[in-house]
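Reading through the structure tokens given below for one structure.
A quick note: this is a predicted structure, and the numbers were derived from the prediction, not measured.
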Amino acid sequence: SALKLLEEKKPKEALAALERVTGKLELIVARDPKLALAPVSSKVITHDLLANLDTVKSVIKEAKDYMDDGEIQKARPLVANLASEMVFETTSIPLATYPDAIKAVAPLIDDGKIDEAKTALQVALNTLVVTVDDVIPLPTLRAEQMLKNAEKLAEQKDRTDKDNETLANLLKGAREQLKLAQLLGYGDKKAYKPMYEQIEQIEKKSEGGKSGKGWFDKIKQQLSDLI
């Protein structure tokens, strides 16, 4: 409304509108501080890296070599692609910043600097804040699903040869996904070794078609802590 009034060359009415909105904004934020950043939209951005472990290792080595040689700009695009994750973002209106922005506009109107006042108001209205709420690594997510499927088979009595082969492949796949997550730097590197050990133990326990329950409890907790 204030912008429209300034366009219509009604500075006094524009100032009155800004006074009203400043009071309302301050009251809103005082009553609910969480609205200092008022969320208006959210989205999920997926970065998926389709590459085997050797390729990732090669890219990391190349990036490190560039870094060691001080060629930062050559290393940058290589490192930028080393991500496999879902990013949860929220876009918010920074209501808490509006009163100060509006107060800075008032003197411009008083001084007759209408164009500058309009520009400052438009900048305030166009300002949005994007925050990252969560990042979930896709390799660990895939490893988790593979382990869930493997657990069902491991508990199954009288498995067929095909079942045993599927179980072995699921455990192998989970290990590969965890290795990829480790290479990409998701979580503490020390957290991965115990999980590899757990997978190895499950492989031994399930040899020869043997079945049992509770074999996956520890690794599920370890993976949950990592994620």
*asked:* Looking at Lys152, I want to see if its NZ is surrounded by more than 12 non-hydrogen atoms of other residues, nucleotides or ligands under 6.0 Å.
replied: no
*Which heavy-atom pair separates Ile109 from Pro11 by the least distance, and what is that distance?*
CG2-CB, 3.7 Å
*Treating Ile, Leu, Val, Met, Phe, Trp and Tyr as nodes and any side-chain heavy-atom pair under 4.5 angstrom as an edge, say whether Leu223 and Trp215 lie in one connected cluster.*
yes
*Leu121, Ile93, Thr22 screened by side-chain contact (heavy atoms from CB on, under 4.5 Å) with Tyr98, the one that passes*: Ile93
_Least distance between heavy atoms, Leu183 atom then Lys57 atom_ = CD1-CG, 3.7 Å
*Answer whether the closest heavy-atom distance between the side chains of Ile72 and Met67 falls below 4.5 Å.*
yes
*Pairwise distance CD(Gln145) to CG(Asn149) - rounded to 0.5 angstrom*: 5.0 Å
*Do you know which two heavy atoms are closest between Glu155 and Gly212, and how far apart they sit?*
CG-O, 3.3 Å
_side chain to side chain donor-acceptor pair (under 3.5 Å) between Gln73 and Arg76, intermediate numbers included_ = CA-CA 5 Å; Gln73 297 310 313; Arg76 189 159 62 100; 3.0 Å; yes
*Salt-bridge criterion met for Lys10 and Glu13 (N-O under 4.0 Å)*: no
*Any donor and acceptor pair, going by atom type alone, linking the side chain of Thr166 with main-chain N or O of Lys162 inside 3.5 Å?*
yes
*Residue pair Tyr186 / Ala83: nearest heavy atoms and the distance that separates them*: OH-CA, 3.5 Å
*Lys220 and Glu151: salt bridge (charged side-chain N to carboxylate O under 4.0 Å, His left out), yes or no, with the steps?*
CA-CA 10 Å; Lys220 284 193 295 184; Glu151 184 177 23; 3.2 Å; yes
*Quick check: does any side chain N or O of Asp188 sit under 3.5 Å from a backbone N or O of Lys190, one acting as donor and the other as acceptor?*
yes
*Under 4.5 Å between any side-chain heavy atoms of Val56 and Leu82, yes or no?*
yes
*Could you tell me whether the side chain of Asp111 and the main chain of Lys113 form a donor-acceptor pair under 3.5 Å?*
no
*First locate atom CG of Leu35, then atom OG of Ser92, and finally report the distance between them rounded to the nearest 0.5 Å.*
10.0 Å
*In a check of side-chain hydrogen bond (donor to acceptor under 3.5 Å, both in side chains) between Thr90 and each of Asp134, Thr131, Asp133, which one passes?*
Asp133
_Asp163 (side chain) donor-acceptor with Thr160 (main chain) under 3.5 angstrom_ = yes
*Around Lys210, counting heavy atoms of other residues, nucleotides and ligands shown, do more than 12 lie under 6.0 Å from its NZ?*
yes
_Over 12 foreign heavy atoms within 6.0 Å of CG, Asp225_ = yes
*Is there side-chain contact between Lys157 and Ser211, with heavy atoms separated by less than 4.5 Å?*
yes
_Show the nearest heavy-atom pair for residues Val135 and Val132, with the distance to one decimal._
CG2-CG1, 3.8 Å
*State plainly whether the residues Glu176 and Lys172 are in salt-bridge range, i.e. N to O under 4.0 Å.*
no
*Does a side-chain N-to-carboxylate-O contact under 4.0 Å join Lys24 and Glu19?*
no
*More than 12 heavy atoms from other groups under 6.0 Å of NZ on Lys218*: no
_Using only atom types and a distance under 3.5 Å, with no angle test, would you say the side chain of Asp32 pairs donor to acceptor with the backbone of Ile28?_
no
*State which residue, out of Lys179, Gln182, Arg175, fulfils the side-chain hydrogen bond (donor to acceptor under 3.5 Å, both in side chains) condition with Tyr196.*
Gln182
*Can you tell me how far the CD1 atom of Ile60 sits from the CG atom of Leu78, to the nearest 0.5 Å?*
10.5 Å
*Using the rule that two of Ile, Leu, Val, Met, Phe, Trp, Tyr join whenever any of their side-chain heavy atoms come within less than 4.5 Å, decide whether Leu125 and Leu15 are in one cluster.*
yes
_Tell me if a side-chain donor or acceptor on Ser206 pairs with a main-chain N or O of Ile202 at a distance below 3.5 Å._
yes
*Could Asp68 and Lys64 be called an ion pair, given the rule that one side-chain N must be under 4.0 Å from one carboxylate O?*
no
*Determine whether more than 12 heavy atoms belonging to other residues, nucleotides or ligands lie under 6.0 Å from atom CG of Asp158.*
no
*Would you say Leu226 and Gln222 make side-chain contact, with heavy atoms under 4.5 Å?*
no
*Beyond-backbone contact of Leu170 with Leu147, side-chain heavy atoms, under 4.5 angstrom*: no
*Rounded to the nearest 0.5 Å, how far apart are CD of Glu203 and CG of Leu171?*
5.5 Å
*Side-chain heavy-atom pair Leu180, Gln177 within 4.5 angstrom cut-off*: yes
*Would you give the length of the straight line joining atom CZ of Arg142 to atom CG of Leu178, rounded to the nearest 0.5 angstrom?*
12.5 Å
*asked:* Between Asn52 and Thr55 (side chain of the first, backbone of the second, donor and acceptor by atom type, cut-off under 3.5 Å), is there such a pair?
replied: yes
*CG on Leu184 to OG1 on Thr140, rounded to 0.5 Å*: 10.5 Å
_Residue that, paired with Ile114, satisfies side-chain contact (heavy atoms from CB on, under 4.5 Å) out of Leu108, Thr119, Leu6_ = Leu6
*With side chains defined as the heavy atoms from C-beta onward, is the minimum distance between Lys118 and Leu3 less than 4.5 Å?*
yes
*Can you see which heavy atom on Leu128 is nearest to which on Pro94, and at what distance?*
CA-CD, 4.2 Å
_So His47 and Val87, do their side chains get closer than 4.5 Å, heavy atoms only?_
yes
